[in-house]
Amino acid sequence: MSKMDDLRAMREARYAESAARAGTSRATSKRPAKPAPEPVVAQRPAADPEPPEASLCGHRAISGRTCTREKGHAAKSHRYS
């Protein structure tokens with residue numbers, strides 16, 4: 001046998017041993033289906049006409065941060081947080 005044949009035989013023996021220890025083989029084992037999670041509906045209070053984020057600039061940086069300055073700011077740079 002060649003080296004690759006030896007390695008293949010060792011791998012198959014290890015797989016058969018682990019399958020025997022588990023009691024089933026991977027090909028025949030079936031997992032029970034998980035139920036789909038129910039969608040969560042968020043309730044927004046009617047007293048809040050405009051969220052505070054709407055008055056922000058909202059410019060996105062490459063890193064994913066957003067600008068916290070007011071919308072339409074005169075500053076040339078953005079302030080991220």
Novice: Report the residues that fulfil side-chain hydrogen bond (donor to acceptor under 3.5 Å, both in side chains) with R8, sequence neighbours left out, ordered by chain and then residue number.
Specialist: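 D5.
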Novice: Starting at CG of L7, measure out to CE of M4 and round the result to the nearest 0.5 Å.
Specialist: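 The distance works out to 6.0 Å.
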Novice: Using modelled atom types only, decide if a donor and an acceptor are shared between the side chain of T68 and the backbone of Y80 within a distance under 3.5 Å.
Specialist: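 Absent.
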Novice: Show me the donor-acceptor pairs, under 3.5 Å and distance only, between side chains in residues 70-78 and residues at least two apart or in other chains.
Specialist:
residue: H73; atom: ND1; partner: A75; partner atom: O; Å: 3.1
residue: H73; atom: NE2; partner: H78; partner atom: ND1; Å: 3.2

